[in-house]
Every structure is written in structure tokens, then in C-alpha cells.
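Let me begin by presenting the structure, written as C-alpha cells, before commenting on it.
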Amino acid sequence: MNQAHFLRFCFANRLILKVFVGLAIGASSLLLVEIPLGRAQSAADLLPDVPQEQPLSEAEKSLEEGLIALAQGQYEQAIAAFDQAIQRDPNFVEAYNNRGIAYGELEQYEQAIADFNRALVLDPNSAASYFGRGTVSHKLGQAQQAYDDLTQAITLMPEWVDPYINRGLILTNAGLREEALQDFSQALRLDPQNVIALINRSSLYVRTGEYEKALQDANVLIDLNEGLAVAYNNRGIALAGLGQNQEARQDLEKAIAIFDAQGDMEGKRRAETFVRVLFQ
């Protein structure tokens, strides 16, 4: 896969994972949100400037049509365009990768896996293909396959943030908290303002009772985005763990208000549960 193709693959990659974002003290229910992963900035910034491209081939024109449809959420239209690109160039790795993404968005995971597999036959060193297959494998409940693929993506591109975040989530779900913290921390060393990594790490610090560290990450999140409900949720729980109950309640009530304003009734319900557990 050439560099321009890899850039476009990463731009289009909108696969979603559920992300761990908080556990109330003494409670057993986990608050989860869905956040887009595979952002262009994390991988594309690692590559040198791409020289001016030659005029697009017919296959590349079809690919571009598919990428536009993919960005607009028109997944079936995107698949049709990627089909045409593959018909015009059966070895077009990027078309398989992006068609895999579109299938993933439609929750047609087996077709997505098949496309990532084909891409890897054509280009065994494609970090993007391993990342895509690992992300979809996680959705299928295939934790070991997902872990292995994300690890391979990291091996091939160790400065790409997103595979660390997804692998950290898998480790979290497996109960391997220290290993998960290492992955989230590595993501933050590479990108200190990465919101998803900060959410996950602050939440995991809450889970492990490291409230000072959870508080630090939550403060950074709020500095980055004052409207992020989960940041106030996590900070409120951390403050409660540190015995600062008045401030904790204020943060949790603010989280409830933001969840409500955003129409996130599940987040609101869980934050309300935290208040009841902590203060009643």
C-alpha cells in the first residue's frame, strides 16, 4: 500500500469500539460510550509529505467515490464503489480495506474480515489492515485474534496511537489492568491530548483506586473539552474516593446535566446511580 493510499484508508476508518469509561465506588455496572477510532491524525502524521500524485486511474476514481460515500455514512453506496474499484484492479489493497470498513459499519463483520484478510494476502505488512481486522475481531468477541492483530499493527507502526488504545481496551476487558494501563499510557506519550486514551486511563485508575491519577487525567479532559460529561463523571468518582464529597457531588450533578442535555439517557441513568451509591 503506498503512502497516499494509507492516508486515505486512515481518513475513512470510522470503526467503533465500546470504551471503558468509569466504575462507581462499590458499584458493579460499567459506564460505556462509543467513540470513533482510527482517526487520520494518529497515523497519517507519522508519514512524510506525499508528493503530487499522478492523475487517478479508473480504479482510484472509484475508490475516491467510495471514500466520499463512506465519509457521508452511505455505506452501501460506498461498497458498490469499492466493488467497482476492485473489478478494475483486483489487487487494490486500499479498496479491500475500505470496503472492510464499510461492511464493519453495517455490522456485516464476516464480510469485513474477509476483505481485511484479502488485503493482508496482497500486502502482509499493512498496519492498517491488521488494525481493521483486529477492531472487527474484537466486535466478534474474538479477543485473542484482536489482540494479536493489534499487536502486529503496533509492531509495524509503533508510533501509531490507535492500536494501543484498542489493545488496551481488550486487556481491560480481560482483567489485565496493569497491561492495559501501559497501553493507554503509551498512547498518551505519543499523543498527550488524546481524549479516548485519557478517558480510558482515568476510568481504569478509578477502577484500581488510584484516585489522584484519575483526577489528574479527568482535569486534563475538562481542560480540553468542558462539555465532556464522562470527564465530570470520572472526576466526581475520583473526588469521592479522595473524600472530597461536596466537590464530587457537584461534578456528578454536572455530568448528569450534560448527559441530559445531550440526550444520553443511559449515561444520565448511570451517573444518577453513582450519586445514589456514593451519597445515600
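The structure displayed is predicted, hence computed values, not measured ones.
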Using the side-chain hydrogen bond (donor to acceptor under 3.5 Å, both in side chains) definition, which of the options Gln246, Glu247, Glu253 pairs with Arg249?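 One option only clears the test, and that one is Glu253.
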Of Gln142, Arg167, Arg133, His138, which is the lone residue that meets side-chain hydrogen bond (donor to acceptor under 3.5 Å, both in side chains) with Asp149? Arg133
Tell me whether [Y] is reachable from [X] by hopping between hydrophobic residues (I, L, V, M, F, W, Y) whose side-chain heavy atoms are closer than 4.5 Å.
{"X": "Ile113", "Y": "Leu120", "result": "no"}
{"X": "Leu190", "Y": "Ile196", "result": "yes"}
{"X": "Ile256", "Y": "Leu278", "result": "yes"}
{"X": "Val121", "Y": "Phe116", "result": "no"}
{"X": "Leu156", "Y": "Ile154", "result": "no"}

Show the nearest heavy-atom pair for residues [X] and [Y], with the distance to one decimal.
{"X": "Ala214", "Y": "Ser202", "answer": "CB-O, 3.5 Å"}
{"X": "Asp260", "Y": "Met265", "answer": "OD1-CE, 3.5 Å"}
{"X": "Tyr164", "Y": "Ala187", "answer": "CB-CB, 4.1 Å"}
{"X": "Gly236", "Y": "Ala248", "answer": "O-CB, 3.1 Å"}
{"X": "Tyr147", "Y": "Ile170", "answer": "N-CD1, 3.9 Å"}
{"X": "Leu63", "Y": "Phe92", "answer": "CD2-CZ, 3.7 Å"}

Decide if atom CD of Glu76 counts as having more than 12 heavy atoms of other residues, nucleotides or ligands within a radius under 6.0 Å. no
If you count the non-hydrogen atoms of other residues, nucleotides and ligands that lie under 6.0 Å from CD in Gln262, is the total more than 12? yes
For the atom pair [atom1] ([X]) and [atom2] ([Y]), what is the distance rounded to the nearest 0.5 Å?
{"X": "Asn97", "Y": "Phe131", "atom1": "CG", "atom2": "CZ", "result": "11.5 Å"}
{"X": "Glu159", "Y": "Gln186", "atom1": "CD", "atom2": "CD", "result": "9.0 Å"}
{"X": "Arg207", "Y": "Leu181", "atom1": "CZ", "atom2": "CG", "result": "12.0 Å"}
{"X": "Leu140", "Y": "Glu107", "atom1": "CG", "atom2": "CD", "result": "10.5 Å"}
{"X": "Glu110", "Y": "Asn117", "atom1": "CD", "atom2": "CG", "result": "10.0 Å"}
{"X": "Glu58", "Y": "Gln87", "atom1": "CD", "atom2": "CD", "result": "13.0 Å"}

Does any non-hydrogen side-chain atom of [Y] lie less than 4.5 Å from one of [X]?
{"X": "Leu67", "Y": "Phe82", "result": "yes"}
{"X": "Leu70", "Y": "Arg99", "result": "no"}
{"X": "Tyr103", "Y": "Val136", "result": "no"}
{"X": "Asp183", "Y": "Ile165", "result": "no"}

With side chain to side chain contact (heavy atoms under 4.5 Å, CB included) as the test, pick out the partner of Leu198 among Asn219, Leu228, Asn234, Asp217. Asp217
Test Gln144 against Asp148 for side chain to side chain donor-acceptor pair (under 3.5 Å), laying out the working first. CA-CA 6 Å; Gln144 187 62 56; Asp148 291 344; 2.9 Å; yes
Determine, step by step, whether Asp251 and Leu239 satisfy the side chain to side chain contact (heavy atoms under 4.5 Å, CB included) criterion, reporting the C-alpha distance in whole Å, the side-chain angles of both residues, the deciding distance to 0.1 Å, and the verdict. CA-CA 9 Å; Asp251 271 351; Leu239 287 168; 3.4 Å; yes
Is any side-chain N of the basic residue among Arg269 and Glu266 closer than 4.0 Å to the acidic one's carboxylate O?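 Glu266 and Arg269: salt-bridged.
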Side chains of [X] and [Y]: donor-acceptor distance under 3.5 Å anywhere?
{"X": "Ser62", "Y": "Gln84", "result": "yes"}
{"X": "Thr273", "Y": "Arg270", "result": "no"}
{"X": "Asp115", "Y": "Gln111", "result": "no"}

Mark yes or no for whether Arg201, through its side chain, and Phe184, through its backbone, hold a donor-acceptor pair below 3.5 Å.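 Absent.
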Quick one: name the residues clustered hydrophobically with Ile222, using the 4.5 Å side-chain heavy-atom rule over I, L, V, M, F, W, Y, and just say none if it's on its own. Tyr232, Ile258
Sorted by chain and residue number, the side chain to side chain contact (heavy atoms under 4.5 Å, CB included) partners of Ala81 (sequence neighbours excluded) come out as Glu65
Applying side chain to side chain contact (heavy atoms under 4.5 Å, CB included), can you list everything that pairs with Ala80, at least two apart in sequence or on another chain? none
Taking it one step at a time, do Thr155 and Tyr130 satisfy side chain to side chain contact (heavy atoms under 4.5 Å, CB included)? CA-CA 10 Å; Thr155 299; Tyr130 280 110; over 6 Å; no
